[in-house]
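First comes the structure, then the notes that go with it.
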Amino acid sequence: MALRLYDTKTAQLRDFQPIKPGQVSLYYCGATVQGRPHVGHVRSAVAFDLLIRWLEASGHDVLSVRNVTDIDDKILEKSQASYAEGFEPTADYPAEEPWFALAYRFEQAFHEAYDALGVRRPRYEPRATGHITEMFALIQRLIEAGHAYRAADDSGDVYFDVRSWPKYGELTRQSVDDMQDAPDADPRGKRDSRDFALWKGHKDGDPETASWDSPWGRGRPGWHLECSAMSTKYLGETFDIHGGGLDLRFPHHENELAQSAAAGDGFANFWLHNGMVTYEGEKMSKSIGNTISPEEMLQQARPKAVRYFLGQAHYRSQLDYKPGALQEAEAAVERIESFISRALPESFSLVPQQHIPEGFRAAMDDDLNVPAALAVLHETVRAGNTAIDAGDKSAAEQRGLEAATMMSILGLLDVPEPDLSSGPAASALETLVQAQLDKRAEAKSAKDFGTADAIRDQLNAAGVVIEDTPQGASWSLKGDA
RNA sequence: GGUGGGGUGGCCGAGUGGCGAGGCAGCGGCCUGCAAAGCCGUAUACGCGGGUUCGAUUCCCGUCCCCACCUCCA
């Protein structure tokens with residue numbers, strides 16, 4: 001059975017076949033680095049990380065690209081505001097910060113958030129400002145093809161001519177005439193209010209560093225253009241998959257498609273969009289302010305649990321966050337991990353492709369049905385625990401390898417966790433806890449259960465969980481499997 | 001107004017024309033000195049009203065409600 005993916009453009013599940021057998025070219029939209037990442041950003045990154053991992057587990061080489069949009073209106077506005085009189089600096093927005101410094105700083109914040117959740121870096125991560133000449137070339141092609149024009153006023157803007165491209169709206173199946181009129185206060189030199197800027201002429205007050213000489217005068221690129229320019233540069237004029245958040249479908253992806261297709265590029269064969277993250281039913285967004293940061297989540301739960309939470313719903317579904325959700329995820333992750341550590345010897349080598357259960361493969365091949373795949377994982381854990389209880393070591397180990405494989409494919413083995421098992425503090429703790437356990441063992445063998453239980457309660461209160469096994473007592477820290 | 005996605009047991013969340021995924025929480029049991037972990041069992045779930053059908057949560061029609069997008073959005 002082959003991989004099927006839901007393509008937003010055709011609104012249906014389609015068999016996925018890469019253009020080049022064995023290699024998949026994937027572009028997915030990263031962030032406009034104008035602020036700290038919120039959960040929606042990392043959900044999207046986790047979703048596409050999952051896709052990449054599954055493609056790889058299925059034997060593909062994945063050429064992945066994720067953009068950094070490091071210039072746009074918001075970045076400039078925020079930088080500009082930091083110079084204004086009466087500006088009150090905060091930890092996230094210091095005073096007098098140039099736009100490029102602000103963008104660079106938040107780009108790093110995104111990296112930290114991705115890294116913390118085991119989202120692997122894409123093969124290439126190009127910045128918009130590094131591809132101005134590629135954008136020139138694209139604009140030039142559009143002008144020559146009659147799909148872009150210089151603004152009628154003296155703004156120096158260049159617009160995409162929506163009416164010149166009959167397919168405009170094909171991605172979201174909308175017709176230009178049915179679109180709600182943009183409340184465009186400043187139509188400037190546009191022919192149609194839906195026309196969008198490819199190039200924005202330099203305005204007084206904009207920093208000189210945020211403008212480039214172009215054939216149409218000094219200025220800066222419009223939003224959308226960078227993704228068309230960069231995706232085709234790194235992946236070719238036709239590539240396999242273009243992804244991003246559902247909210248980017250319109251206008252961002254619609255415009256990308258229009259400008260690339262109108263310039264004569266084949267562009268993406270598949271369009272994938274992940275669902276939004278909501279907070280108790282409402283979309284999390286900067287403008288509403290109901291966001292939860294990845295940092296806040298990481299304070300509440302282990303990184304693995306956070307990743308599990310973000311990946312557990314189907315990627316196209318809305319993912320609702322509510323208090324307590326992370327604790328549930330933590331319980332599920334710990335159940336799986338404690339099984340794997342019971343079933344497998346200290347060190348084991350994993351050859352993923354040898355241990356993928358058929359049900360898991362079928363679920364993932366079905367448009368990355370992670371919830372169904374997780375059901376297989378949990379069933380494997382139960383079967384493995386049963387085998388352990390029955391003393392069937394080889395069956396337990398087999399289930400253990402399968403469970404570890406699935407965890408690996410889901411990216412849950414790569415999530416960095418604080419290492420509590422080495423270092424001087426760890427060995428001091430080990431010595432102290434072991435001394436208590438020895439005392440408890442003595443008390444137990446003397447049938448002095450009062451003392452034994454007191455020791456256990458005391459350790460428990462300190463966050464050390466005791467488990468008695470036939471081989472003696474073992475301990476672990478709460479929240480650390 | 002246009003476009004798209006939804007309403008599933010206490011919560012989360014898949015899925016299917018007829019054997020009630022999975023997780024979390026709960027309850028009962030096994031195990032345990034007692035626990036923990038693990039295992040077994042346990043829920044009269046599919047917004048509402050019609051229709052098609054031997055049979056619908058699943059298909060069709062109607063209806064109510066929710067969410068997203070329509071030029072800041074992952």
Side-chain angles (χ1 to χ4, degrees), chain A residues 8 11 28-32 34 37-48 72-74 77 110 169 172-184 193-197 222-224 243-252 254-255 273-278 281-288 308-309 312-314 316-322 324-325 327-336 338-339 342 359 363 366 369-379 381-382 384-386 388-390 444 447-450 452-453 456-457 460 465-469 473-474 476:
Chain A
T8 319
Y28 74 99
C29 283
T32 299
Q34 48 121 343
H38 67 75
V39 175
H41 294 113
V42 290
R43 193 248 174 132
S44 183
V46 166
F48 287 100
D72 91 316
D73 293 352
K74 284 251 161 106
E77 273 168 31
F110 272 86
T172 49
R173 286 174 297 287
Q174 304 182 89
S175 92
V176 174
D177 295 313
D178 287 337
M179 288 181 196
Q180 216 168 54
D181 268 352
D184 198 341
S193 67
R194 288 86 169 179
D195 290 352
F196 55 93
W223 187 40
H224 318 307
L246 192 58
D247 52 353
L248 291 182
R249 237 167 22 122
F250 194 94
H252 185 53
E254 188 73 72
N255 290 354
H273 291 98
N274 63 275
M276 300 292 95
V277 181
T278 54
E282 287 251 322
K283 180 187 165 189
M284 274 190 204
S285 90
K286 285 244 149 86
S287 51
I288 301 173
Y308 183 97
F309 168 74
Q312 69 178 346
H314 185 98
R316 283 193 284 121
S317 300
Q318 189 168 288
L319 175 66
D320 195 42
Y321 170 81
K322 58 180 62 175
Q327 283 63 44
E328 287 184 16
E330 193 150 273
V333 168
E334 277 173 19
R335 174 178 152 78
I336 299 163
S338 80
F339 161 66
R342 289 206 304 156
D366 181 18
N369 190 338
V370 171
L374 285 174
V376 174
L377 172 54
H378 281 107
E379 276 161 6
V381 168
R382 179 156 35 75
N385 276 323
T386 301
I388 290 174
D389 287 356
K444 272 178 66 172
K447 304 276 183 208
D448 179 4
F449 296 118
D453 290 352
R456 185 172 64 199
D457 291 347
N460 213 292
V465 183
I466 305 305
E467 286 180 36
D468 290 325
T469 72
S474 72
S476 60

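Quantities reported herein were computed from a predicted structural model and do not represent experimental measurements. So that the names make sense, note that chain A is the first sequence line, chain B the second, and so on, each numbered from 1.
Out of G23(B), C70(B), A74(B), the shortest distance to the side chain of Thr32(A) is found at A74(B). Distances from the side chain of Pro371(A) to the nucleotides C34(B), A14(B), A74(B) place A14(B) closest. Distance from the side chain of Arg173(A) is smallest for U3(B) among the nucleotides C40(B), A14(B), U3(B). Nearest nucleotide to the Phe250(A) side chain, out of A74(B), C69(B), C12(B): C69(B). Counting only heavy atoms from C-beta on, Glu467(A) has its side chain closest to A36(B) among C39(B), A14(B), A36(B). Checked against A14(B), A68(B), G23(B), the side chain of Ser317(A) finds its nearest nucleotide in A14(B). Among G13(B), U71(B), A74(B), the nucleotide with an atom closest to any side-chain atom of Pro251(A) is U71(B). Of all nucleotides listed (G4(B), A35(B), G22(B)), G22(B) comes nearest to the side chain of His378(A). Residue Asp468(A) places its side chain closer to A35(B) than to any other of A74(B), A35(B), U3(B). The side chain of Asn385(A) has G38(B) as its nearest neighbour among C11(B), G38(B), C70(B).
Here, G18(B) and G55(B) have their P atoms 14 Å apart, quoted to the whole Å. As rounded to the nearest Å, A37(B) and U32(B) have C1' atoms that lie 11 Å from one another. Using C1' as the reference atom, G23(B) and A14(B) are 11 Å apart when rounded to the nearest Å. The P atoms of U52(B) and U57(B) are separated by 15 Å, rounded to the nearest whole Å. Across the C1' atoms, C46(B) and U16(B) are found 11 Å apart, a figure rounded to whole Å. Nucleotides U42(B) and A21(B), compared at atom P, are 12 Å apart to the nearest Å. Going from the P atom of G49(B) to that of C40(B) covers 38 Å, rounded to whole Å. For C69(B) and G17(B), the C1' atoms lie 34 Å apart once the distance is rounded to whole Å.
In this structure, His224(A) and His252(A) have tilted ring planes: the angle between them lies in the 30° to 60° band.
Atom CZ of Arg456(A) and atom C1' of A35(B) are 4 Å apart (whole Å). In this entry the distance linking CD1 of Ile388(A) with P of G38(B) reads 11 Å, nearest Å. Rounding to whole angstrom units, NE2 of residue His224(A) and C1' of A74(B) are separated by 15 Å. For the pair Asp72(A) CG and C72(B) C1', the interatomic distance rounds to 8 Å; values are reported in whole Å. In this entry the distance linking CG of Asn274(A) with P of C69(B) reads 13 Å, nearest Å. In this structure, OH of Tyr308(A) is placed 9 Å from C1' of C24(B), rounded to the nearest angstrom. Here the P atom of nucleotide C66(B) and the CD atom of Gln318(A) are 14 Å apart, to the nearest Å. In this structure, Asp247(A) atom CG and C72(B) atom P are separated by 12 Å, rounded to whole Å.
Across all strands shown, U42(B) forms a Watson-Crick or G-U wobble pair, both distances under 3.5 Å, with G26(B). Base pairing of U32(B) is not made with any nucleotide, judged by Watson-Crick or G-U wobble geometry with both donor-acceptor distances under 3.5 Å. G1(B): Watson-Crick or G-U partner is C70(B), with both key distances under 3.5 Å. Within the shown strands, G51(B) is the pairing partner of C59(B) under the Watson-Crick or G-U definition, both distances less than 3.5 Å.
Side chains of Thr172(A) and Glu254(A): a donor on one and an acceptor on the other come within 3.5 Å. Gln34(A) and Thr32(A) share no side-chain donor-acceptor pair at under 3.5 Å.
Using a 4.0 Å heavy-atom criterion, one finds that Val39(A) contacts no nucleic acid atom at all. Within the 4.0 angstrom heavy-atom criterion, only backbone atoms of the sugar-phosphate kind lie near Arg342(A); the bases stay farther away. Here Gly40(A) lies in heavy-atom contact (under 4.0 Å) with a base. Contacts of Gln174(A) with the nucleic acid, taken as non-hydrogen atoms under 4.0 Å apart, include base atoms. Across all strands, His314(A) comes closer than 4.0 Å only to sugar-phosphate atoms, never to a base (heavy-atom distances). As judged by a 4.0 angstrom heavy-atom cut-off over every strand, Glu254(A) is placed among residues making no nucleic acid contact. Lys444(A) comes within contact range of at least one nucleobase, with a heavy-atom separation under 4.0 Å. Within 4.0 Å of Gly30(A), counting heavy atoms only, lie sugar-phosphate atoms of the nucleic acid but no base atom.
Residue Thr172(A) is the one, among Thr172(A) and Leu248(A), whose nearest nucleotide of RNA chain B lies closer to the 5' end (criterion: closest heavy atom). If you find the closest nucleotide of RNA chain B to Asn255(A) and to Phe309(A), the one lying nearer the 5' end belongs to Phe309(A).
On a pure distance criterion of 3.5 Å, no polar donor-acceptor pair joins the side chain of Arg43(A) and the base of A74(B). Taking 3.5 Å as the limit, the base of C39(B) and the side chain of Arg382(A) contain no donor-acceptor pair of atoms between them. Residue-to-nucleotide contacts include no donor-acceptor pair under 3.5 Å from the side chain of Gln312(A) to the base of G13(B). A donor N or O paired with an acceptor N or O is not found under 3.5 Å between the base of G15(B) and the side-chain atoms of Asn369(A).
In this structure a side-chain-to-backbone donor-acceptor pair under 3.5 Å is present from Arg43(A) to Gly275(A). Remark: side-chain polar atoms of Ser317(A) are not paired, donor with acceptor, to backbone N or O of Ala313(A) under 3.5 angstrom. Between the side chain of Asn369(A) and the main chain of Ala372(A), a donor-acceptor pair closer than 3.5 Å is present. His378(A) contributes no side-chain N or O that, together with a main-chain N or O of Ala375(A), makes up a donor-acceptor pair within less than 3.5 Å.
OP1 or OP2 of C39(B) has at least one side-chain nitrogen or oxygen of Arg335(A) nearer than 4.0 Å. Applying the 4.0 Å criterion to OP1 and OP2 of C12(B), one finds that Lys322(A) has a side-chain N or O inside that range.
Taking both residues in full, the closest heavy atoms of Ala373(A) and Ala363(A) are given as N-CB, 3.6 Å, listed atom of the first, atom of the second, then distance. Of all heavy-atom pairs between Gly245(A) and Ser44(A), the closest is N-OG, 4.1 Å.
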